[in-house]
Structures are given as structure tokens and as C-alpha cells.
Amino acid sequence: MSEIEIVLPDGSVKKMDEGVSVCDLAKSISEGLARNAAAAIIGDDVVSLGTTLKNGDKVQILTSKDPQSLAVLRHSTSHVMAQAVQNLFPQAKLAIGPAIENGFYYDFDIEGHTLTEEDLPKIESEMQRLVKENLTFECYKIEDVDAKIAEFKAQGEIYKAELLEEHKNDSPTLYITKDKDGNALFNDLCRGPHLPNTSFIKAFKLLNVAGAYWRGNEKNKMLQRVYATAFWNKTDLDEYLNFLEEAQKRDHRKLAAQLDLFSIRDEIGSGLILWHPNLATVREEIENYWRSEHRKRGYQIVNTPHMAKSQLWDISGHSSHYRENMYFIQDEETEYVLKPMNCPFHILIYQANRYSYRSLPLRLAELGTVYRNERSGALQGLSRVKGFTQDDAHIFCTPEQLIDEINAIIDFVDYTLKIFGMDYEVELSTRPEKFVGNIDNWDKAEEGLKQALAVKNIKYEINEGDGAFYGPKIDFKLKDAIGRTWQGATIQLDFNLPERFDLKYQDSDGSMKTPIMLHRVIFGSMERFMGVLIEHYAGAFPLWLAPEQVAVVPIADRHAEYAQKVYDKLLNAGIRVRLDDRSESMNYKIREALQDKKVPYVLVMGDREIENNEVAVRARGKGPIGEFSLDAFIEKIEKEIKNREQ
RNA sequence: GCCGGUGUAGCUCAACGGUAGAGCAACGGUUUUGUAAACCGUAGGUUGUAGGUUCGAUUCCUAUCACCGGCUCCA
């Protein structure tokens with residue numbers, strides 16, 4: 001028997017007999033490691049412990065302490081769930097069951113039974129039973145693929161048969177779940193990796209059931225998906241479940257009712273937002289920021305109509321590419337389209353003048369309200385609506401100016417998100433299968449975006465084939481206060497529209513050339529961004545955005561006159577203030593202002609304050625912060641507002 | 001659009017074949033309060049909408065609309 005050399009993470013080399021597995025390696029290192037080993041990494045791949053080692057393999061053994069092992073735990077738990085479901089519903093056909101970001105799911109096709117929330121506890125207890133059996137997961141290479149496909153088909157496992165057919169040349173493997181006597185109880189076509197056995201599975205929770213198309217294609221059958229999660233221990237699981245609860249409390253649709261922010265009415269239609277005064281105030285502040293910041297950064301602000309003749313959309317190509325999302329309005333002779341995008345209008349503004357390379361870039365910005373006919377099931381609160389206002393801008397520039405322009409936008413986005421205390425992740429989406437323009441331009445554009453990101457030293461992920469049909473794009477995923485991500489700003493390159501509209505500028509050599517066009521939004525849409533902000537702040541907007549900044553609370557009726565003076569002075573200083581002179585108890589008024597309305601400052605005043613010509617200040621989340629003269633208080637909050645303090 | 005769930009007072013929920021009830025909010029009164037809910041009372045609903053079954057429907061059935069969890073799509 002010959003020896004092989006294994007490289008351990010510390011760089012040391014260990015000699016092992018040929019044919020040994022990762023598990024043997026773990027045992028040879030220490031008993032404790034062997035007991036705690038969940039999986040391993042060989043090279044770049046996470047593998048099961050049963051994997052046979054090869055000479056020169058770089059091996060890292062994973063325990064529950066290594067972040068990479070969590071996906072293995074979840075994947076194995078998903079197999080246990082599939083096994084439990086098949087035990088309870090023998091007719092259930094298995095589709096796929098991967099680990100996902102915060103847990104895992106498994107898709108089933110169960111004839112004659114529709115899973116509901118009530119089934120989840122039953123499945124969970126069956127899983128508990130299986131886990132207690134201390135089952136092992138063993139990996140087998142499928143030698144005779146065709147025979148196995150036939151077997152799957154005979155069992156009715158049509159989805160597994162389809163998957164195996166597809167992966168027949170990838171040396172497919174089968175994971176068999178066995179009890180302690182070695183009896184095979186369950187098997188699943190699976191690439192792995194898996195835990196050695198179920199003893200690691202200690203904390204899991206089934207979350208919800210949902211429909212999902214087989215392979216994500218809406219032409220395929222709809223399967224039943226069970227979402228679940230698993231962690232190494234109950235503490236982590238509970239923490240995650242608390243997080244879900246916290247997220248639910250922050251739901252902008254719930255907070256909308258409590259804080260009187262917006263509503264959607266049947267009489268108007270779904271996906272159309274009524275902005276109540278409170279949210280309109282937040283929007284006004286944000287629009288003010290948006291306008292002044294655009295001026296500073298060399299943008300010109302424009303306004304364009306809400307509809308245009310069909311002809312315009314024929315030229316832009318939207319009539320063919322975007323038709324199902326457009327609303328048409330028929331006048332006696334002419335057909336109009338409610339604008340789903342602002343770009344064609346900005347292009348026509350470009351066309352109104354002649355440009356040279358010296359007068360570019362031209363940056364046109366608009367808070368442009370667009371209407372898109374969304375599929376009914378897609379609508380959601382403020383996040384997905386039919387009518388919304390994009391903080392849209394289009395930049396027309398020369399190829400030489402492109403990278404600087406992209407960098408400037410990245411700066412703008414970065415600067416803006418910092419104001420809201422939001423972090424972000426960046427994704428670059430490249431050429432899709434269906435695209436317009438020539439590949440050469442596409443390659444250049446993708447390279448340009450990459451360069452711009454490199455100059456800024458920004459880390460990003462690449463979404464192959466996820467670009468728009470007219471150009472590649474950079475997306476910014478906002479991370480809110482509790483770590484959830486939201487689609488926010490995007491920068492899209494466009495070679496298509498400038499050509500369709502035959503846009504020109506005169507270059508330094510006198511020749512006429514076609515400019516490059518950039519589409520970009522910073523917030524995305526006012527609606528979606530407000531939704532994100534509400535959840536980010538859990539409804540407790542910072543002072544500069546708060547619909548009501550200060551509540552004035554006189555303790556008894558005899559203090560009303562003084563309170564009125566305080567109120568008038570604050571109002572005069574441009575503060576959004578409310579005088580609460582109802583004959584309710586002071587405690588009631590404080591509680592309502594802070595808890596229900598989330599007002600940042602409550603000013604309480606009684607005999608003492610009148611005597612000293614002061615106000616007693618209570619800050620949201622901080623409690624009483626002392627007595628201030630009114631001027632000192634105004635000065636303090638004016639500074640906070642100006643600095644947009646969080 | 002698709003799969004599943006849910007629609008009861010302004011809000012949160014109860015009743016589930018016998019004709020709808022509570023808390024908060026609102027309104028009226030009492031209380032005049034010292035840092036997160038004073039007390040008493042009044043009013044408020046063709047139970048999402050339209051059909052059907054039934055002596056009788058909020059409850060059962062059908063259709064439809066909206067919302068929720070997802071899939072797909074997307075700012």
C-alpha cells in the first residue's frame with residue numbers, strides 16, 4: 001500500500017495510507033476532532049467526511065464552529081425533512097432541497113394532499129423521531145446511471161429522474177440514510193456534502209409552506225415548498241426566530257397604519273399609493289435633499305409629461321419589449337401610453353440641442369412618476385406598486401467620460417446611503433442571452449463598469465447574464481438596520497436608445513458620434529425607498545425626517561398659555577411641532593407621543609418651567625435629558641436637523 | 001399570472017348554522033395631573049362583494065375582488 005501526503009491548514013504535511021477518507025484523517029489528528037467533524041474542505045470544495053483523500057489534497061476539517069459547515073447541516077436537515085414527508089405522505093415525490101441563505105427548503109409534489117401550516121408540527125415531530133434514531137448519511141457513486149433513472153421512474157420519482165438524466169456525466173452520487181443496524185431507510189439523489197449522521201441536528205424549525213414552480217419555470221408544474229431553518233444549537237435558532245419576529249414588527253405595512261403613513265384603497269386600485277401627510281413630509285425632506293444634492297453634482301432638473309403617444313414607445317422599443325407592462329389610453333384618434341419610464345422624454349430633451357464633446361456630459365434628472373402594469377401577485381406594500389416615482393437621471397456622455405461619470409454616481413450613492421446609516425452590497429450584471437447591440441460594445445461596457453468599481457476599490461459580485469437587454473448594470477443592495485438587503489440604486493449602461501433615437505454629438509475631430517447613455521437612480525423609487533426607510537428605522541425616523549419633530553405637553557390646563565407660546569416659537573423656527581393641550585394626563589400624552597407616534601422630542605412644562613422660563617426635554621429612546629431654555633433647545637435641534645443626525 | 005392562506009367596528013381580535021362582542025381609538029362628562037395608559041358613560045358593523053344551499057348564513061358552497069406567504073417578474 002502506498003502513502004499519500006495531505007496538507008493541513010497550518011501548512012504541515014501528514015502522511016496517510018492511500019484510500020483513506022477525511023474521517024480517517026480526523027481520527028488520526030484527534031479523537032475530539034473526529035467526534036466534532038461535520039464536513040471538510042478539500043481545495044475549494046466543501047465535502048463529506050466519507051470522501052476519499054488524494055495525494056496532495058489540502059484539507060481543512062470543519063466543525064460547527066466553521067461558518068461553511070452551516071450549509072451542510074441545513075442540507076442534511078433538508079434530507080431528514082424529505083424523509084419525514086415521505087414517511088407521512090408515501091406518495092410524495094421529491095424535487096430539490098437545497099440550503100439557502102437563512103435555512104433550507106424542499107420541494108415536493110404530493111398527489112391528493114396540500115400541505116398547510118397544520119402539517120408542519122407533524123413533519124417536525126417525525127423529523128425529531130428520525131434524528132433520535134441517529135441515522136447515518138452514506139454517499140454512493142451511481143455506477144449504472146440508466147438503470148437508476150429507470151428505477152426512479154418506476155418509483156414515480158420523475159423529478160429525480162430528470163435531474164439524474166441531466167447530470168449523468170457528472171459522476172452523480174446517491175446519499176443513503178441508514179439506521180444503526182445498517183438498514184437503508186431513505187435515499188436521495190444528491191451531490192452532497194452531508195453530515196456523517198443526524199446527531200448534529202439539534203435545532204431546526206419549519207417555517208412556512210409555499211408554491212414554487214419546478215425549476216423556477218412558470219410553465220412547469222407548481223410544487224409544494226416547505227421553508228425551514230436549522231442551526232447548530234437552540235440559542236442560535238432562537239436568535240434567528242427573534243430576528244424574524246423583529247422583522248415582522250418593522251413591516252412597513254403594519255407601521256403605516258400605526259403611524260398614519262400611507263394607504264391603498266380598493267376604490268383607487270391595487271398598487272396605487274395614497275401618501276398621508278406624515279409620509280409626505282418624510283418624502284418632502286428627502287426630495288429637498290435630492291434636489292440640492294443634484295444641483296451640487298452638476299445635474300439639471302427637468303419635468304416631463306405623464307403620457308406620450310404610442311409612436312414614441314415604438315421608437316424606443318418599449319412597445320415591443322415592454323408592452324405587457326404598459327397602460328394604454330385611447331383618445332378619439334390617437335393612442336397614448338402612460339409612461340412606464342422616463343428615458344425617452346429625457347432623450348427628446350437632449351435632441352432639442354446640439355452638443356459637442358466639450359458640452360457633454362449632459363445630466364438630466366427628474367422625480368418622474370411612472371406607471372407599470374404589474375402581475376397582480378407581485379404587488380407588495382410600498383415595495384412593489386403600479387404607480388411610482390423614480391428619482392431618475394440620464395447622463396449622456398462620450399466614451400472617454402464614461403468611467404468618471406460612473407465613479408461620480410457611485411460616490412453619490414455612497415454619500416447618500418451613509419446619511420441614512422445604511423450599508424450596501426454591489427452586484428454587477430452582465431450580458432443576458434437576449435440582448436441588443438454588438439458584443440464588442442458590451443465587452444467594453446462591462447470592462448468599464450469593472451474598472452470603475454476597481455478604481456473605487458469596491459467589492460462586488462457578478463450576476464452573469466442578469467443585465468438589461470440594452471446594457472450591463474451595477475446594482476446596489478441596501479442593508480437595513482437588521483441586516484436585510486433591498487434593491488436600491490442602479491446604474492445601467494445603454495447603447496441601444498442613443499442609436500434608436502439617432503443621438504449625436506460632435507467630437508474633437510469634427511465627426512458626429514453617438515453618445516453613451518447612463519440610466520441611474522439613487523433611491524430607486526420614492527415608494528420603495530420609503531418602505532425600506534420605514535423598516536430600517538422601525539418607524540422611528542431621525543429628527544430631520546420625523547413627520548412630527550416635537551410634541552409640546554403642558555401638565556395642567558393652567559400651563560396651556562405658556563405651552564402655546566412655546567409652540568408658536570417652535571413653529572416660527574420652522575420646527576414640525578404639535579401642541580397637545582387635551583385634558584389627558586401628562587403620562588398618557590408622553591406615552592402616546594413616544595410609543596405610538598415615535599416623536600423624537602417631547603417638551604413637558606408645568607409651574608417650575610414657567611417660573612424658570614424653561615422646557616423639560618424628553619428624548620425618544622433616552623428618557624428625560626434635562627431642562628433647557630427654549631432658545632437653547634431650538635439651537636440644539638436645529639443643529640441636529642442640519643447635520644441630519646441619526 | 002400561478003400555488004396556498006386570510007378578509008368581522010378606524011385599529012387589534014372574539015363568536016363559527018339560531019341572527020355579532022371585547023380592548024384601544026372616537027365622542028360626552030368627571031378629573032388638572034411632574035415624566036411611558038385617570039375614571040364613568042355614549043355611539044359605532046346589510047361580518048370584502050355577488051350569487052347559492054337552508055326555516056334561518058358571519059359561520060356551509062360557488063364566483064369575484066383585495067390582502068398575506070411564496071414562485072415568476074422587478075424600481
Side-chain angles (χ1 to χ4, degrees), chain A residues 105 107 109 114-119 207-227 248 251 253-254 256-258 260 263-267 269-271 322 324-325 340-342 368-370 372-392 466 468 475-476 486-490 492 519-529 531-532 553-560 581-596 602-609 616-621 623-625:
Chain A
Y105 66 79
D107 286 347
D109 180 0
T114 303
L115 291 175
T116 63
E117 303 278 326
E118 279 123 58
D119 291 315
L207 298 171
N208 53 359
V209 288
Y213 299 108
W214 167 234
R215 324 215 83 180
N217 185 330
E218 61 185 312
K219 294 196 176 71
N220 290 339
K221 182 164 185 180
M222 176 130 322
L223 307 174
Q224 302 183 46
R225 175 171 296 180
V226 179
Y227 281 96
Q248 234 169 27
D251 189 318
R253 295 163 300 192
K254 279 192 181 161
Q258 186 191 329
D260 194 15
S263 59
I264 301 168
R265 294 285 302 253
D266 283 0
E267 296 90 320
S270 58
Y322 210 69
E324 57 185 24
N325 286 298
M341 295 187 183
N342 302 301
T369 304
V370 298
R372 300 182 185 175
N373 191 359
E374 298 291 346
R375 303 169 85 175
S376 59
L379 300 173
Q380 199 202 49
L382 290 175
S383 315
R384 194 72 186 277
V385 291
K386 285 180 177 168
F388 56 99
T389 301
Q390 293 181 300
D391 64 315
D392 211 354
D466 218 26
D475 286 321
F476 292 78
W486 307 81
Q487 169 66 48
T490 95
Q492 306 184 350
H519 306 247
R520 60 105 271 213
V521 286
I522 304 288
F523 297 128
S525 73
M526 299 312 286
E527 285 72 8
R528 184 175 283 179
F529 191 70
V532 174
V553 174
I555 291 173
D557 288 349
R558 65 177 180 279
H559 310 125
D581 55 2
R582 298 174 296 174
S583 14
E584 294 286 351
S585 72
M586 175 198 66
N587 280 336
Y588 177 86
K589 291 193 263 194
I590 290 173
R591 184 185 161 95
E592 187 194 63
L594 292 172
Q595 182 169 292
D596 297 348
V602 179
L603 303 186
V604 179
M605 55 213 63
D607 296 335
R608 285 206 298 272
E609 285 72 24
V617 182
R618 189 181 177 109
R620 183 184 62 199
I625 58 168

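Here is how names work: the chains are called A, B, and so on, in the same order as the sequence lines, proteins then strands, and each is numbered from 1. These values consider heavy atoms only, across backbone and side chains, with no hydrogens, waters or symmetry-generated copies.
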> For A:V370, which contact category applies under a 4.0 Å heavy-atom criterion: base, sugar-phosphate, or nothing?
Replying inline: nothing
Could you go over nucleotides 3-14 of chain B and give all protein N or O partners under 3.5 Å, atom names and distances?
residue : atom : partner : partner atom : Å
B:C3    : O2   : A:G211  : N            : 3.3

> If you check the A:R253 side chain, which of B:C68, B:A37, B:U33 turns out closest?
Replying inline: B:C68
>> Under 4.0 Å, counting only non-hydrogen atoms across every strand here, what does A:E324 touch: a base, just sugar-phosphate, or nothing?
In response: nothing
> Taking atom types as modelled, is there a side-chain donor on A:Y213 or A:R215 under 3.5 Å from an acceptor on the other?
Replying inline: no
> Are A:D392 and A:H519 linked by a side-chain donor-acceptor pair shorter than 3.5 Å?
Replying inline: no
>> Does A:S270 reach a base, just sugar-phosphate, or nothing at all? Heavy atoms under 4.0 Å.
In response: sugar-phosphate
> Checking all strands, does A:G216 fall into the base, sugar-phosphate, or nothing category for heavy-atom contacts under 4.0 angstrom?
Replying inline: sugar-phosphate
> Heavy atoms under 4.0 Å, any strand shown: does A:E584 hit a base, just sugar-phosphate, or nothing?
Replying inline: base
>> Any base atoms under 4.0 Å from A:G488, or only sugar-phosphate, or nothing? Heavy atoms, all strands.
In response: sugar-phosphate
> Of the nucleotides B:U35, B:C71, B:A75, which has the atom closest to the A:R225 side chain?
Replying inline: B:C71
> NA contact type, A:R618, heavy-atom cut-off 4.0 Å: base, sugar-phosphate, or nothing?
Replying inline: base
> Who does B:G18 pair with, Watson-Crick or G-U, both distances under 3.5 Å?
Replying inline: B:C55
> Has the side chain of A:S525 got a donor or acceptor atom sitting under 3.5 Å from an opposite partner on the base of B:A75?
Replying inline: yes
>> On RNA chain B, does the nearest nucleotide to A:G377 precede the nearest nucleotide to A:V385 from the 5' side, or the other way round? Give the residue.
In response: A:G377
>> Taking the minimum atom-to-atom distance to the side chain of A:N208, which one of B:U35, B:G70, B:A36 wins?
In response: B:G70
> Choosing from B:U32, B:C67, B:A36, which nucleotide comes nearest the side chain of A:D557?
Replying inline: B:U32
> From the list B:U35, B:U33, B:A66, which nucleotide is the closest neighbour of the side chain of A:D266?
Replying inline: B:A66
> Can you tell me how far CZ of A:R372 sits from CZ of A:F388, rounded to the nearest 0.5 angstrom?
Replying inline: 3.5 Å
> Nearest to the side chain of A:E218 - B:U35, B:U33, B:G1?
Replying inline: B:G1
>> So for A:Q380 and B:G70, does any side-chain atom that can act as donor or acceptor lie under 3.5 Å from a complementary atom in the base?
In response: no
>> Using a distance-only criterion (donor-acceptor N/O pair, under 3.5 Å, no hydrogens), is the base of B:G1 paired with the side chain of A:Y213?
In response: yes
> OP1 or OP2 of B:U72 less than 4.0 angstrom from a side-chain nitrogen or oxygen of A:R215, does that happen here?
Replying inline: no
> Using a cut-off of 4.0 Å on non-hydrogen atoms, how would the nucleic acid contact of A:Q390 be classed: base, sugar-phosphate, or nothing?
Replying inline: sugar-phosphate
> At what distance, to the nearest 0.5 angstrom, does CD of A:Q595 lie from CD of A:Q258?
Replying inline: 7.5 Å
> In Å, rounded to the nearest 0.5 Å, how long is the span from CG of A:L379 to CD1 of A:I264?
Replying inline: 8.0 Å
>> Is there, by distance only and without an angle test, a donor paired with an acceptor across the side chain of A:R372 and the base of B:C73 below 3.5 Å?
In response: no
> Which listed nucleotide (B:A75, B:G34, B:A37) is nearest to the side chain of A:Q487?
Replying inline: B:A75
> The side chain of A:I590 lies closest to which of these nucleotides: B:U72, B:A25, B:U35?
Replying inline: B:U35
>> Regarding A:F529, tell me which of base, sugar-phosphate or nothing describes its non-hydrogen contacts under 4.0 Å with the strands shown.
In response: nothing
> Given that A:P624 and A:E592 both sit by RNA chain B, which one's nearest nucleotide is further toward the 5' end?
Replying inline: A:E592
> Taking the six-membered ring for Trp, does A:Y588 stack with B:A38 (centroid gap under 5.5 Å, planes within less than 30°)?
Replying inline: no
> Across the strands shown, which category fits A:V521 at heavy-atom distances under 4.0 angstrom: base, sugar-phosphate, nothing?
Replying inline: nothing
>> By the 4.0 Å heavy-atom rule, please label A:N217 as base, sugar-phosphate, or nothing.
In response: nothing
> Taking the side chain of A:S585 as heavy atoms from C-beta outward, which of B:G34, B:A38, B:A66 is closest to it?
Replying inline: B:A38
> So what does A:A616 hit on the nucleic acid, given a heavy-atom distance under 4.0 Å: a base, only sugar-phosphate, or nothing?
Replying inline: base
